[in-house]
Number of protein chains: 2
Amino acid sequence: MSTANPPRRVPLTPGARKALEAAGRLFYERGIHAVGVDLIAAEAGVTKKTLYDRFGSKDQIVVEYLADRDERWRAFLAPRLDTARTPQDRVLAVFEASRDWMDTNSPRGCSMVNAHAEIDDPSHPAYAIITGQKEWMLTLLTDLVRPVAPATADSLGRTLMLLHEGALVAHGLRIFPGALDHAREQAASLLATTGGPRPAS
Amino acid sequence: MSTANPPRRVPLTPGARKALEAAGRLFYERGIHAVGVDLIAAEAGVTKKTLYDRFGSKDQIVVEYLADRDERWRAFLAPRLDTARTPQDRVLAVFEASRDWMDTNSPRGCSMVNAHAEIDDPSHPAYAIITGQKEWMLTLLTDLVRPVAPATADSLGRTLMLLHEGALVAHGLRIFPGALDHAREQAASLLATTGGPRPAS
DNA sequence: CATGAGGTAGACCGATCTGTATACCTGGCA
DNA sequence: TGCCAGGTATACAGATCGGTCTACCTCATG
């Protein structure tokens, strides 16, 4: 598992950085296929030639877009995991980080899930990024609960994954407000009743 | 809530039916923006004129596509709910129906979630169908658990909704196998520990 | 027999799509 | 001084986009 060589990355010159910022915003808000390279260039204040000199193709811009979001999400999450002191707190920190991330970056749900809806071909270079992030999240949650529930870590990790993914979708589609907070509470409840004794206070 | 007048529907002549079948398959497999009307016509064995005589626009084809999937899903679910004898069994029947539905119709996840990724405009006529189905599902799950947990039905319904949506995403992205079954087990566990006594046998 | 609904066949429209080309400018560096 | 990376500006190519049009066919029904 988790083989798939990482997609090629591209050096980010100033022009490329501007283009990637604009492309990321447009792709997320309107969808990948709905956004043309001319629009990206215009919004970035960059010429189309610069786009193709830096990225080579629109597909490569999509790859950089998703890889960039993935990297920024992991960087957003990491310090919160470092700060949390107990395994339970680390799990809850994931849900809290997602809530804050969604509030500031992602009103329309998970960019990976949304991109997956538009990319059917598993050989597309962006596919590995999408599945890679989900695989990473499942592994993370499973590893986080292993200390408190070694016997049921796999099952509990998967349940937390479902709650988390469901909350992202519920947030994006505005199914009900406070989806991430609700998922966090359910996660806390699961952690309290599973495995070891509940925290002292 | 749940106001939004239902989008206009179109009479399904034989040609329209063939077109809708092809459009549904293509939209689901490749995404809405990635499929052109010429391709739909060719795959359906129908001329483009027939497409526009029946539907008037591509947007209207999208509306019929989503409305049709919604109707078929509800028709798929209804007899299973009628057969189940206890409230708990009815909730579990939803997860089992989703599992069977996904196995035969939806390897790429929920068509509503996927469509939402491509439609940003809430004034799009398809938007009401997407949000309407999610709202209906949340209401359904909440109403199903009300008899067993009247005091916490809203919260429990939302938790079941998160598990269900998460399982649909996990299935579509192949995060781990058996996602719907895992969600079903967690739902069963929630129903057993919440509210009234567990079933006699 | 006339009519109209539903259909085929295929040309056509303007707009937009991804991608390429030519010509020129700027600043850092060997 | 010369060079080259990175950029602007703009025109262009070929394909495809959603959508319209004319001409003709078939068949059921009044």
Side-chain angles (χ1 to χ4, degrees), chain A residues 7-66 115 117-121 123-126, chain B residues 7-27 29-66 115 117-121 123-127:
Chain A
R8 187 175 61 88
R9 301 301 298 279
V10 137
L12 290 186
T13 62
R17 203 174 295 273
K18 285 196 294 178
L20 187 55
E21 184 277 331
R25 181 167 38 81
L26 291 166
F27 283 158
Y28 184 75
E29 288 174 0
R30 307 189 192 182
I32 292 170
H33 284 135
V35 171
V37 290
D38 295 85
L39 179 60
I40 294 172
E43 288 273 313
V46 142
T47 60
K48 218 165 31 151
K49 180 168 183 301
T50 296
L51 273 195
Y52 279 90
D53 283 348
R54 295 300 121 233
F55 297 95
S57 71
K58 181 183 173 179
D59 271 357
Q60 187 61 33
I61 304 180
V62 174
V63 167
E64 300 294 332
Y65 154 59
L66 292 173
E118 296 199 72
I119 300 174
D120 58 309
D121 181 9
S123 74
H124 191 293
Chain B
R8 186 175 62 87
R9 299 302 297 280
V10 136
L12 289 187
T13 64
R17 204 173 295 273
K18 285 195 294 179
L20 188 54
E21 184 278 330
R25 180 168 38 82
L26 291 165
F27 283 159
E29 289 175 358
R30 308 190 191 181
I32 293 171
H33 287 316
V35 172
V37 290
D38 296 83
L39 178 60
I40 294 172
E43 288 273 314
V46 142
T47 59
K48 219 165 29 153
K49 182 169 181 299
T50 296
L51 273 195
Y52 279 90
D53 282 349
R54 298 298 122 232
F55 297 96
S57 71
K58 182 183 175 180
D59 271 358
Q60 188 61 34
I61 304 179
V62 174
V63 166
E64 300 294 331
Y65 154 60
L66 293 173
E118 297 199 71
I119 300 174
D120 58 311
D121 180 10
S123 75
H124 191 292
Y127 214 85

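Only this structure's heavy atoms are used, side chains among them; waters, hydrogens and symmetry mates stay out. In what follows, every chain begins at residue 1, and chains take the letters A, B, ... in the order their sequences are listed.
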### Summary
Rounded to whole Å, NZ of B:Lys18 lies from C1' of C:dT8 at a distance of 10 Å
### Query
So, is B:Thr13 near the phosphate of C:dG7, with a side-chain N or O under 4.0 Å from OP1 or OP2?
yes
### Message
Rounded to whole Å, please give me the gap between CD1 in B:Ile40 and P in D:dG19.
### Response
11 Å
### Query
Which atom names give the shortest non-hydrogen contact between B:Ile40 and B:Ala19, and what distance separates them?
CG2-O, 3.9 Å
### Query
When rounded to the nearest 0.5 angstrom, what distance separates NE2 in B:His124 from CD1 in B:Ile119?
4.5 Å
### Shortest non-hydrogen contact between B:Ile32 and B:Glu118, atoms and distance
N-OE2, 2.6 Å
### Task
Take nucleotides 13-30 of chain C nucleotide by nucleotide from the 5' end and write B, S or -, depending on whether a protein heavy atom sits under 4.0 Å from the base, only from the sugar-phosphate, or from neither.
-----BBBBBB-------
### Task
Name the nucleic acid region contacted by B:Thr47, choosing base, sugar-phosphate or nothing; use a 4.0 angstrom heavy-atom cut-off, strictly under.
base
### Check: A:Val35 main-chain N/O paired with A:Lys58 side-chain donor or acceptor under 3.5 Å
yes
### Message
Among residues at least two apart in sequence or on other chains, which ones pass side chain to side chain contact (heavy atoms under 4.5 Å, CB included) with A:Ala22?
### Response
A:Arg25, A:Glu43, A:Ala44
### Query
Does B:Arg54 have a side-chain nitrogen or oxygen under 4.0 Å from the phosphate oxygens OP1 or OP2 of C:dG7?
yes
### Query
How close or far is atom C1' of D:dT20 from atom CG of B:Leu51, stated in whole angstroms?
13 Å
### Donor-acceptor pair between A:Ser123 and A:Asp121 side chains, under 3.5 angstrom
yes
